[in-house]
Structures are given as structure tokens and as C-alpha cells.
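Both backbone and side-chain heavy atoms feed into the values below; hydrogens, waters and symmetry mates do not.
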Protein chains: 2
Amino acid sequence: MNTKHFQKRDSSPQFKRTPQRLAILDYLKGNTSHPSADDIYRAVSKKYQSMSFATVYNTLNTLAKSGTLRELTIDPKRKRYDPDTSRHHHLICVLCGKIVDIPEGITVDLPGKLARDFTLLGNHVEFYGHCSLCTRKGKTS
Amino acid sequence: MNTKHFQKRDSSPQFKRTPQRLAILDYLKGNTSHPSADDIYRAVSKKYQSMSFATVYNTLNTLAKSGTLRELTIDPKRKRYDPDTSRHHHLICVLCGKIVDIPEGITVDLPGKLARDFTLLGNHVEFYGHCSLCTRKGKTS
DNA sequence: ATAAATGCAAAGCATTTGCAGTAAA
DNA sequence: TTTACTGCAAATGCTTTGCATTTAT
């Protein structure tokens, strides 16, 4: 994860390198588990006991707005966060909720008419299914 | 929308054709607006004033489980419901939240290794961007 | 010194649930 | 008559917000 968002720029708010933010960034760095805010709160609280939920959410929202972090909507129960902002897709096990990265570039295009009416910013492919662990365990819901 | 879920079958719960459910199904039939539970509640309440939120949610969950309805997670703020259960994708305007169907079949495959470890049930492509109306209005957030 | 972040608790929404009464089968 | 649904209100869970205090710059 880069740290561009901490650099001072004229006429834009300055992002302060607080220990809480650094702890969150550190936890997220290279993390491919697509944690929820609660996961992040629990993990970071261990090392930083005064951490509050408000700070976790404030930080995540700030990072998401600055493009340092991707908010995933693939889990219907809660937002998940992905420090990998490169183009990639996801696969979710509908039994256990585990999310896995699909690193390959999949080229998808909009049909012509829509493409003309719409300024396309990006796309995301969601794959749904059962992971091998859940299948082995015989889970059905 | 079909009505298979109302047919009586041994050893499976029977779905009763209550006026509330029929009103919801009627509202949803052919509806391409991808309404939220609240949208549905407000629309159906007009014609059926005693409708409650609990009934809307119970019905939507029942229909989703029976496969009569698709729950969309594309909107981070709330679930959206789609009576069109055929394979198709969606495009969301990140400014106004409008969701549009992408009727074309887009073929997307999982890389081999993952495909072996995962029982694939389906996939869904989300397109993000700005719709022409928002662009014309000069919206930026 | 100043602007911004923290942490707490309260508030805000979306969604679910328990339960007594009601209606479909 | 039996089983399931409705509607209410309360509860739950995730996320946001107001505000006084603290901290990075």
C-alpha cells in the first residue's frame, strides 16, 4: 500500500500519521483476507488497546475516499475492505463468507448503446460458490 | 415471474397466497428498477395500507430463498431486489444509485486452479460509473 | 497555534425476531 | 383444524455522528 495520501498538498486536507492510522495500515498491508471493520477493529485493538470503532470507520472511509483502499460490497452482511487497489475480481463462498482474489484480468465490455450513455469508471466480477473446505465439511447453508 | 413457489409439495413448507404477497409479487412483476425493501414497502403500502415492514422482509426473504427473486449486493447502503432471475449483469451510477440491467450474456471463467477448488454457482458483473443524467447535472458526489 | 484525529456514547438506518392474533389451506 | 402469515414493537447489527479532548503538524 502506498502512502501518497499522507503527503501534504496545497488546498487539500492533510492526513495525519497518527499511530492508530499507522496500525490500521500496517494490519492491512498485504492482507488478502478482505476483513470487515469489525475484523480490523479486533485485530488492531490487540496491539493498540485504546482503539475505538469510530476511529476504525473514520480511517477506513478516509482511505477509501483517497483511493488507498477498496470497499467491497460482495458480502451482503457488511462491508469488506481490500488494500489491493489493482484491477482484480473476487470469489465468495456463500457458505462461510470467505473471499478470495481472482488475480487475472478479465476483460468485460459494455454493450455499445449503454457505453455511450454512461461514463464507465470500472467493473468488478463476483463469483459465487462453495469453497472446498465447506464442501468437505458437508455444509449446506 | 413464475409461481412455482406456491405449489404444494410434500415435505416442504407450503407458501400461502396471501393478498400481501400477491401485492408484492404484482409490484415486482416486470419491474426493472431494482427496488430496495423500503421502495417496495412504500409502493405496496399505497394499495395495501396495512402492509408492514416485517411482511415485506419476510416475503422478500422467502422469495429469494425459493429462487423467485435475486438479491443484489451492488448498492453498499441496502439490498436491492430483482425479479429477473435470468443471467444478467448490472451497472450502477455511483452518483444517484440508479441500477440498470445489462442484458447481454458475458462469459467469464475462473482460472483453472481455483475452478478445481471451488464449486461455482454463478457470477455477476458490476459496472460502476456516472449515468448521463448525473453527468448533465454536473454532479460530482 | 492550528487544524485535524481520537474516543466515547448516542443516534441512525437497514434488517430481523418474538409473539399474539388472524387467515389460508 | 392445522399450519403458516401478518403486524406490531422490540431487538439487533452495522455504520455514522456530535462533541469535548488530545495530538500531529
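- Side-chain nitrogen and oxygen atoms of A/S50 include at least one within less than 4.0 Å of the OP1 or OP2 phosphate oxygen of C/dG7.
- In this structure, NZ of A/K77 is placed 13 Å from C1' of D/dT12, rounded to the nearest angstrom.
- Two residues are said to be in side-chain contact when any heavy atoms from C-beta on lie closer than 4.5 Å; B/L63 and B/L25 meet this criterion.
- Put simply, CG on A/D75 is 11 Å from C1' on D/dC14, counting in whole angstrom units.
- Proximity of A/L28 to A/L69: side-chain heavy atoms (C-beta onward) are separated by under 4.5 Å at one or more points.
- Which of C/dT6, D/dT17, D/dT6 sits closest to the side chain of A/A54 comes down to D/dT17.
- One atom, CE of B/M51, and another, P of D/dT6, lie 8 Å apart when rounded to the nearest Å.
- The only option from A/R80, A/H90, A/K79 that meets the side-chain hydrogen bond (donor to acceptor under 3.5 Å, both in side chains) definition with A/H34 turns out to be A/H90.
- Remark: the backbone N or O of B/L22 is not paired with any side-chain donor or acceptor of B/D26 at under 3.5 angstrom.
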Verdict with reasoning, A/S36 to A/D39, per side chain to side chain donor-acceptor pair (under 3.5 Å): CA-CA 5 Å; A/S36 64; A/D39 295 332; 3.1 Å; yes
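- At whole-Å resolution of the value, CZ in B/R21 and C1' in D/dT3 are 12 Å apart.
- Judged by distance alone, with hydrogens and angles left aside, B/K79 brings no side-chain donor or acceptor close enough to the base of C/dT15 to form a pair under 3.5 Å.
- Within the structure, every side-chain polar atom (N or O) of B/R17 is placed at least 4.0 Å from both OP1 and OP2 of C/dA24.
- Contacts of A/P19 with the nucleic acid, taken as non-hydrogen atoms under 4.0 Å apart, involve only primed sugar atoms and P, OP1 or OP2.
- Atom-to-atom, CD of A/Q49 to P of C/dT6 comes out at 16 Å; the value is rounded to the nearest Å.
- Axis orientation changes by 40° from one end of the helix from C/dA1-D/dT25 to C/dA25-D/dT1 to the other, with each end axis drawn from 5 pairs and the value rounded to 10°.
- B/V44 places none of its side-chain heavy atoms less than 4.5 Å from the side chain of B/V56.
- Out of C/dA5, D/dT15, C/dT15, the shortest distance to the side chain of B/Y57 is found at C/dT15.
- For B/N61 and D/dT6, the CG to C1' distance is 15 Å, given to the nearest whole Å.
- Considering only side-chain atoms of A/K16, the nucleotide from D/dC14, D/dT23, C/dA14 that sits closest is D/dT23.
- Under the 4.5 Å side-chain criterion, counting only non-hydrogen atoms from C-beta, B/C93 is not in contact with B/Y128.
- Proximity of A/Q20 to the phosphate of C/dG7: a side-chain N or O atom is located under 4.0 Å from OP1 or OP2.
- Atom P of nucleotide D/dT15 and atom CG of A/D38 are separated by 9 Å, given to the nearest angstrom.
- What separates OH of A/Y41 from C1' of D/dT16 is a distance of 16 Å, to the nearest Å.
- Among the nucleotides D/dG7, C/dA24, D/dA24, the one closest to the side chain of A/T18 is D/dA24.
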